[in-house]
There are 2 protein chains.
Amino acid sequence: MKWDALEEEPCSLARTVAVIGDRWSLLILRECFLRIRRFDDFQASLGITRHLLADRLKKLVRFGVLRKIPYQEAPKRYEYILTQKGLDLYPIIMSIVHWGNIHMVDARGRPLLHEHKSCGKMFDPVMVCSECGEPLSAKHVHVHPGPGARRSSPLHASARERTKRNAEQA
Amino acid sequence: MKWDALEEEPCSLARTVAVIGDRWSLLILRECFLRIRRFDDFQASLGITRHLLADRLKKLVRFGVLRKIPYQEAPKRYEYILTQKGLDLYPIIMSIVHWGNIHMVDARGRPLLHEHKSCGKMFDPVMVCSECGEPLSAKHVHVHPGPGARRSSPLHASARERTKRNAEQA
DNA sequence: ATTGACAGTTCTAAAATAGAACTTAAGGTC
DNA sequence: GACCTTAAGTTCTATTTTAGAACTGTCAAT
């Protein structure tokens with residue numbers, strides 16, 4: 001599968017993976033949320049090669065996650081700031097950080113703690129149902145095909161059936 | 001930066017990216033949550049090359065996200081199921097799907113809808129503060145160094161300062 | 001006139017990925 | 001007993017991506 005094919009998939013996960021699903025994009029976005037904005041600052045704090053950084057920034061701008069804003073004329077220089085679409089990635093970043101906090105920390109403990117300014121306490125993010133407010137778990141969720149589902153919804157046919165169907169078509 | 005270096009970073013995001021930060025791992029995990037368990041089924045539904053699939057499954061098992069369970073003897077065959085550590089990835093998957101639903105769907109609409117069995121309604125996931133229950137946004141969160149922070153906390157010194165410091169050291 | 005900051009671009013070597021064919025092991029079919 | 005099928009990989013070559021370092025173009029300050 002080519003990279004571009006991912007964006008076309010009728011799957012919201014695949015399309016998001018097309019934006020953030022590589023080694024560097026999420027790390028760049030982490031820096032954005034920590035208020036890093038400039039090329040050399042990204043490069044210095046991440047140790048990414050300049051080539052890849054230029055490439056990834058271009059991609060994030062193309063997807064509308066970052067925007068280039070001029071901060072000086074002559075020579076014209078830009079900084080990269082999060083758009084609303086980019087700010088909306090916050091729950092993804094936080095859920096990733098939280099999973100790492102629970103499952104990937106070493107004996108020294110968490111690298112970062114998060115304070116919720118609104119209530120003043122150190123917190124963890126919790127994912128809840130928008131309708132009833134209960135915490136979510138996979139087993140209490142049932143998936144239905146939506147209006148944008150692929151005709152014949154292969155995500156709902158079992159892969160086993162699909163394999164057979166493909167074999168018959170061939 | 002090498003792949004293995006990521007797991008060693010004192011950053012919960014980087015360490016999680018070491019597990020799920022590539023083109024395929026999240027797609028494989030999506031299939032796991034949709035109850036795909038077997039090699040050929042993953043291969044058929046994703047179109048991933050068999051080589052990469054074998055490699056990624058091995059990696060996910062190594063990280064303790066999937067477990068290999070024998071489902072028949074002679075010839076011995078295994079299926080891959082989510083561990084608790086893997087099930088805990090659910091909020092990450094859901095926040096990614098949700099962002100895609102909001103920002104990446106085409107005119108046809110969402111490919112999938114989610115029903116919360118507990119309350120019977122179609123829902124979206126919402127990330128809230130574990131302490132006060134309010135929805136989270138980046139600007140209401142303040143970051144502190146935790147016990148596992150790098151000495152001299154480079155994530156909190158501005159990259160600009162760091163760049164200077166590095167230059168001085170050289 | 002030279003040096004330094006900043007934001008890239010260019011180059012070569014190394015690593016990862018795609019795509020297809022091959023392997024191993026057992027069961028069933030003619 | 002030769003042959004086909006299922007399942008879960010492994011092996012192979014060609015292509016694409018990434019790493020790492022050096023280079024370019026603008027302008028400001030010394």
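The chains referred to below are lettered A, B, ... by the order of the sequence lines, with proteins before strands, and numbering in each begins at 1. If you're wondering where the values come from, they're calculated on a predicted model, not measured in any experiment.
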J.: Is it true that, when you exclude A:Lys139 itself, more than 12 heavy atoms of the residues, nucleotides or ligands shown sit nearer than 6.0 Å to its NZ?
T.: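 Check fails, neighbour count at 12 or below.
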J.: Would you say a side-chain N or O of A:Lys59 is under 4.0 Å from OP1 or OP2 of D:dT17?
T.: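 A:Lys59 to D:dT17 OP1/OP2: no side-chain N or O under 4.0 Å.
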J.: Measure from the side-chain N and O atoms of B:Trp99 to the backbone N and O of A:Lys85, and report whether any donor-acceptor pair falls under 3.5 Å.
T.: yes
J.: Do A:Thr83 side-chain atoms and A:Val65 backbone N/O form a donor-acceptor pair below 3.5 Å?
T.: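 Side chain of A:Thr83 to backbone of A:Val65: a pair is present.
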J.: To the nearest Å, how far apart are A:Asp41 CG and C:dA7 C1'?
T.: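 Answer to the nearest Å: 12 Å.
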J.: Tell me: CG of A:Leu53 to P of C:dT9, nearest whole Å?
T.: 11 Å
J.: Please report, rounded to the nearest Å, how far the C1' atom of D:dA19 is from the CG atom of A:Leu27.
T.: 16 Å
J.: Please tabulate, one pair per line, each protein N/O and nucleotide N/O from nucleotides 14-16 of chain C that are separated by under 3.5 Å, including the distance.
T.:
none

J.: Would you kindly check if the NZ (Lys) or CZ (Arg) of B:Arg37 is within the cone defined by 45 degrees around the ring axis of B:Tyr71 and under 6.0 Å from the six-membered ring centre?
T.: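 Verdict for B:Tyr71: no cation-pi partner in B:Arg37.
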J.: Look at A:Lys68 and C:dG8 and indicate whether a side-chain polar atom (N or O) is within less than 4.0 Å of OP1 or OP2.
T.: yes
J.: Can a side chain N or O of A:Tyr80 be found less than 4.0 Å away from OP1 or OP2 on C:dC6?
T.: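 Indeed not, no polar side-chain atom of A:Tyr80 lies that close.
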J.: Separation of B:Gln72 atom CD from C:dA26 atom P, in whole Å?
T.: 11 Å
J.: Could you tell me if the ring centre of B:His114 sits under 6.0 Å from that of B:His116?
T.: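 Centroid distance B:His114-B:His116: not below 6.0 Å, so no.
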J.: Under 4.0 Å from OP1 or OP2 of C:dT9: is there any side-chain N or O of A:Lys58 that close?
T.: yes
J.: For D:dT17, does OP1 or OP2 lie under 4.0 Å from any side-chain N or O of A:Trp24?
T.: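 No, no such contact exists.
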J.: So, OP1 or OP2 of D:dT6: does either fall under 4.0 Å of a side-chain N or O from B:Tyr71?
T.: no
J.: Using whole Å, report how far CG of A:Asp55 lies from P of D:dT18.
T.: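 After rounding, the reported distance stands at 7 Å.
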J.: Counting primed atoms plus P, OP1 and OP2 as sugar-phosphate and everything else as base, spell out the protein contacts along nucleotides 20-25 of chain C at 4.0 Å heavy-atom distance: B, S or - for each nucleotide, 5' to 3'.
T.: -B---B
J.: Calculate the interatomic distance between B:Phe39 atom CZ and D:dA8 atom P; express it in whole Å.
T.: 8 Å
J.: For a quick test of reading the model, state the closest non-hydrogen atom pair linking B:Ser95 to A:Ser95 and the distance between them.
T.: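 Result for this residue pair: OG-OG, 3.1 Å.
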J.: Applying side-chain contact (heavy atoms from CB on, under 4.5 Å) between B:Val143 and each of A:Leu113, A:Val97, A:Leu112, report the one that passes.
T.: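 For B:Val143, the side-chain contact (heavy atoms from CB on, under 4.5 Å) test succeeds with only one of A:Leu113, A:Val97, A:Leu112, which is A:Leu112.
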J.: To the nearest Å, how far apart are A:Arg37 CZ and C:dG8 P?
T.: 16 Å
J.: Do you know which two heavy atoms are closest between B:Ser25 and B:Arg56, and how far apart they sit?
T.: OG-CD, 3.6 Å
J.: Between atom CD in B:Gln43 and atom P in C:dA18, what is the gap in whole Å?
T.: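 So the CD-P distance, B:Gln43 to C:dA18, works out to 12 Å.
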J.: Hey, is A:Asp106 close enough to B:Arg15 for a salt bridge, meaning N to O under 4.0 Å?
T.: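 Yes, this pair counts.
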